[in-house]
Amino acid sequence: LEFRRVLFRSIERTPTIRGGFIVPKRAVAAAADGTTSVLKLEGKTWKKISVEELGCVAGQCSVKSTQLRAGDQVRVDQ
């Protein structure tokens, strides 16, 4: 008989977040006071937009703001 070491991991369920836009985590900037924002491209300039961070998983964040629409471009810092 051959014995192998098996690694078991628990499966965790993450609650579904509704009503937000999915952006890369690197696009979201957090200030010292806890507020979060993204930089949105408007014409040829970047505009700072305040967002509410609803949650992040695997490098993607769900954010909510009345100033964002589907298709908007946000800056992703590397």
Side-chain angles (χ1 to χ4, degrees):
L1 288 175
E2 185 177 318
F3 291 95
R4 295 182 186 191
R5 186 174 275 198
V6 179
L7 177 65
F8 292 95
R9 302 211 74 190
S10 297
I11 297 173
E12 296 179 26
R13 182 181 169 133
T14 303
T16 303
I17 298 173
R18 300 182 192 276
F21 293 103
I22 303 298
V23 299
K25 187 171 186 159
R26 293 180 307 177
V28 181
D33 64 0
T35 59
T36 52
S37 62
V38 297
L39 292 175
K40 173 183 161 183
L41 185 62
E42 290 190 356
K44 295 182 181 181
T45 60
W46 295 100
K47 181 179 177 186
K48 183 178 176 181
I49 304 293
S50 294
V51 296
E52 177 186 356
E53 188 178 289
L54 303 174
C56 296
V57 174
Q60 300 289 313
C61 293
S62 178
V63 297
K64 189 174 184 179
S65 174
T66 58
Q67 300 176 60
L68 289 177
R69 302 281 180 261
D72 284 347
Q73 294 181 335
V74 294
R75 189 167 101 185
V76 178
D77 290 328
Q78 296 188 19

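Numbering of residues begins at 1 and proceeds along the displayed sequence. All heavy atoms count here, side chains included; hydrogens, waters and symmetry mates do not. Owing to the predicted nature of the structure, the values given are computational and were not obtained by experimental measurement.
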Take atom CD in Q73; do more than 12 heavy atoms of anything else shown fall under 6.0 Å from it? no

Open item on the list: Restricting to non-hydrogen atoms, name the atom on A27 and the atom on V38 that form the minimum distance, rounded to 0.1 Å.
Closed with: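 Nearest heavy atoms, A27 then V38: O-CG1, 3.5 Å.
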
Note: C61 and V28 closest approach over all heavy atoms is CB-CG2, 4.3 Å

Give the intermediate values and the outcome of salt bridge (charged side-chain N to carboxylate O under 4.0 Å, His left out) for residues R26 and D77. CA-CA 6 Å; R26 293 180 307 177; D77 290 328; over 6 Å; no

To the nearest 0.5 Å, how far apart are [atom1] in [X] and [atom2] in [Y]?
{"X": "S37", "Y": "Q67", "atom1": "OG", "atom2": "CD", "result": "11.0 Å"}
{"X": "S65", "Y": "E53", "atom1": "OG", "atom2": "CD", "result": "13.0 Å"}
{"X": "L39", "Y": "K47", "atom1": "CG", "atom2": "NZ", "result": "11.5 Å"}

Heavy atoms, side chains only, cut-off 4.5 Å: are [X] and [Y] in contact?
{"X": "K40", "Y": "K48", "answer": "no"}
{"X": "V51", "Y": "L68", "answer": "yes"}
{"X": "P24", "Y": "V76", "answer": "yes"}

### Query
Can I49 be reached from V63 by stepping across I, L, V, M, F, W or Y side chains whose heavy atoms are under 4.5 Å apart?
yes

